[in-house]
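For reference, the structure discussed in these notes is given below.
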2 protein chains.
Amino acid sequence: MSAAKTKKTVTNETALAEQLREVGLRPTQQRMALADLLFGRGNRHITAESLYNDALTAGVNVSLATVYNALHTFTAKGLLREITIDSTRSYFDTNVDEHHHFYFEKSGRLEDIDHTSVKLARLPEAPDGLPVSRIDVVIRIDG
Amino acid sequence: MSAAKTKKTVTNETALAEQLREVGLRPTQQRMALADLLFGRGNRHITAESLYNDALTAGVNVSLATVYNALHTFTAKGLLREITIDSTRSYFDTNVDEHHHFYFEKSGRLEDIDHTSVKLARLPEAPDGLPVSRIDVVIRIDG
DNA sequence: CCCTAACATTAGAATTATTCTAATCTTATT
DNA sequence: AATAAGATTAGAATAATTCTAATGTTAGGG
Ligand SMILES: [Mn+2]
Ligand SMILES: [Mn+2]
Ligand SMILES: [Zn+2]
Ligand SMILES: [Zn+2]
């Protein structure tokens, strides 16, 4: 039982480490712990501060600066997507597939909208035919 | 000629003051100067810092804190619209009509897209039938 | 008209969000 | 195991934004 648990943990840790190595990142203690918090439980929209608090609660020894470093590094490697919606906080999204968002202004919560739920018709040409890197649709909700 | 010029200036100042009074704001020196810089020349996308620099260049005696105050107050009164696109700076838009944006990631410049140029079809229902306060479409351009 | 009280506005100080960089780790190579 | 090169961490610094106490404005009242 203890052995099984240990084995499972080791396997998970190895998988996580492998995931990080695959994108060219060293599987350090801090990154492993943060990746576990981020990718362990379904899609999430988090802030640096909320992830930092999650880490503190989980007893992970990491600084807020390192949380920022990890979030930006993961974003650069395509493991996260940054969403800017509110000038007082940056959100990071564990769902990196094409999708859009409801934003609840009062609570600051984000909710995914599947990209097939929104049809963008009659899109204008980008100036000079420059490449479009992304189209973001945010539906702001009063509540 | 000098009289005409003075008259015209006074008229402009009076119009500007009236515009401010109409939304319930006192036409103070700082606000008049900032409103003049903001609304004097067509639609603009500005940041607190850029407006502050415009004010310094124009010889207006105003603090950066007051620029923030004015931008937020004007936004609350519907004279401006705040656009959050980049976590490092907040933009304020003198165009308060319904419209969307191209965002040039490299330069940080915003460009208006007329709302009739974008057709949003098949929009999902807001959860709990809550009211939608705004829909923002941002087309991010690499260049 | 001036005074005054109530309230609005300003801006220096404080705070918060984010980034910088020097010290510390990690790892590939021997 | 030792080393060196580069990556990562986190305390310190900075930049963006907000707070609050001082100052300014204005609508009555004398
Ligand atoms: Mn900010
Ligand atoms: Mn900030
Ligand atoms: Zn999402
Ligand atoms: Zn605009």
Side-chain angles (χ1 to χ4, degrees), chain A residues 13-14 16-38 45-56 59-77 79-80 82-92 108, chain B residues 13-14 16-38 45-56 59-77 79-80 82-92 108:
Chain A
E13 279 176 24
T14 303
L16 211 55
E18 202 39 52
Q19 232 193 324
L20 290 176
R21 271 193 240 272
E22 262 164 28
V23 298
L25 297 176
R26 290 180 179 174
T28 63
Q29 292 237 307
Q30 288 90 339
R31 285 216 276 240
M32 294 284 281
L34 294 175
D36 192 42
L37 289 169
L38 281 171
H45 300 108
I46 61 108
T47 64
E49 199 69 32
S50 79
L51 180 58
Y52 180 59
N53 288 333
D54 288 356
L56 290 187
V60 174
N61 193 257
V62 67
S63 72
L64 181 56
T66 295
V67 171
Y68 274 100
N69 285 336
L71 289 172
H72 287 139
T73 305
F74 289 177
T75 300
K77 297 300 186 177
L79 302 177
L80 290 176
E82 188 169 2
I83 300 172
T84 307
I85 276 199
D86 180 310
S87 58
T88 66
R89 46 196 159 190
S90 269
Y91 289 85
F92 292 84
Chain B
E13 277 176 25
T14 302
L16 211 54
E18 203 38 52
Q19 232 194 323
L20 291 176
R21 271 193 238 272
E22 262 163 29
V23 297
L25 296 176
R26 291 180 178 174
T28 63
Q29 292 237 307
Q30 289 89 340
R31 285 217 276 242
M32 293 285 280
L34 293 175
D36 192 43
L37 289 169
L38 281 170
H45 302 107
I46 61 109
T47 64
E49 198 69 32
S50 80
L51 179 58
Y52 180 58
N53 288 333
D54 288 357
L56 291 187
V60 175
N61 192 256
V62 68
S63 72
L64 181 56
T66 296
V67 170
Y68 274 100
N69 285 337
L71 289 172
H72 287 139
T73 306
F74 290 177
T75 300
K77 297 300 186 178
L79 302 178
L80 290 176
E82 187 169 2
I83 301 172
T84 307
I85 275 199
D86 180 310
S87 58
T88 66
R89 47 196 158 188
S90 269
Y91 290 86
F92 292 84

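Per chain, numbering begins at 1; letters A, B, ... match sequence-line order.
When the P atom of dT19(C) is taken as reference, atom OH of Tyr52(A) falls 17 Å away, rounded to whole Å. The nearest whole Å value for the distance from the NZ atom in Lys77(B) to the C1' atom in dA8(C) is 11 Å. Between Arg89(A) atom CZ and dA16(D) atom P there is a gap of 20 Å when expressed in whole angstrom units. Per the geometry, CG belonging to Asn53(B) stands 14 Å off P belonging to dA15(D), to the nearest Å. The distance between atom CG of Leu51(A) and atom P of dT18(C), rounded to the nearest whole Å, is 13 Å. Remark: C1' of dT17(D) and CG of Asp86(B) are 15 Å apart, rounded to the nearest angstrom. Rounded to whole Å, the distance from CZ on Phe74(A) to P on dA7(D) is 16 Å.
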Pairs under 3.5 Å (N/O, protein and nucleotides 23-26 of chain C):
from    : atom 1 : to       : atom 2 : distance (Å)
dT26(C) : O2     : Arg26(A) : NH1    : 3.0
dT26(C) : O2     : Arg26(A) : NH2    : 3.3

Sort me out a list of protein N/O and nucleotides 12-15 of chain C N/O pairs below 3.5 Å, or just none if empty.
none

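Of all heavy-atom pairs between Val67(A) and Ala48(A), the closest is CG1-O, 3.6 Å.
At the phosphate of dA17(C), neither OP1 nor OP2 sits under 4.0 Å from any side-chain N or O atom of Ser87(B). For Tyr68(A), a side-chain nitrogen or oxygen approaches OP1 or OP2 of dT18(C) to under 4.0 Å. Not one side-chain nitrogen or oxygen of Thr88(A) sits closer than 4.0 Å to the OP1 or OP2 atom of dT17(D). Within the 4.0 Å cut-off from OP1 or OP2 of dT17(D), not a single side-chain nitrogen or oxygen of His72(B) is found.
By the side-chain hydrogen bond (donor to acceptor under 3.5 Å, both in side chains) test, Asn53(B) pairs with no residue at all, sequence neighbours left out. The side-chain hydrogen bond (donor to acceptor under 3.5 Å, both in side chains) test applied to Glu49(A) returns no partner, not counting sequence neighbours. In this structure, the side chain to side chain contact (heavy atoms under 4.5 Å, CB included) partners of Ser50(A), at least two apart in sequence or on a different chain, are Ile46(A), Thr47(A). By the side-chain hydrogen bond (donor to acceptor under 3.5 Å, both in side chains) test, Arg21(B) is found to be paired with no residue, residues two or more places apart in sequence or in another chain being considered. With sequence neighbours left out, Asp36(B) forms a side-chain hydrogen bond (donor to acceptor under 3.5 Å, both in side chains) with no residue at all.
In this structure, Leu64(A) reaches the bases: a heavy-atom distance under 4.0 Å links it to at least one base atom across the strands shown. As judged by a 4.0 angstrom heavy-atom cut-off over every strand, Thr73(B) is placed among residues making no nucleic acid contact.
Listed by first then second residue, pairs satisfying side-chain hydrogen bond (donor to acceptor under 3.5 Å, both in side chains) with a partner in residues 61-72 of chain A read Ser63(A)-Thr66(A), not counting sequence neighbours.
Using a 4.5 Å heavy-atom cutoff, the side chains of Asp86(A) and Thr84(B) are not in contact.
Between the CG atom of Leu34(B) and the CZ atom of Phe74(B) there is a distance of 6.5 Å, given to the nearest 0.5 Å.
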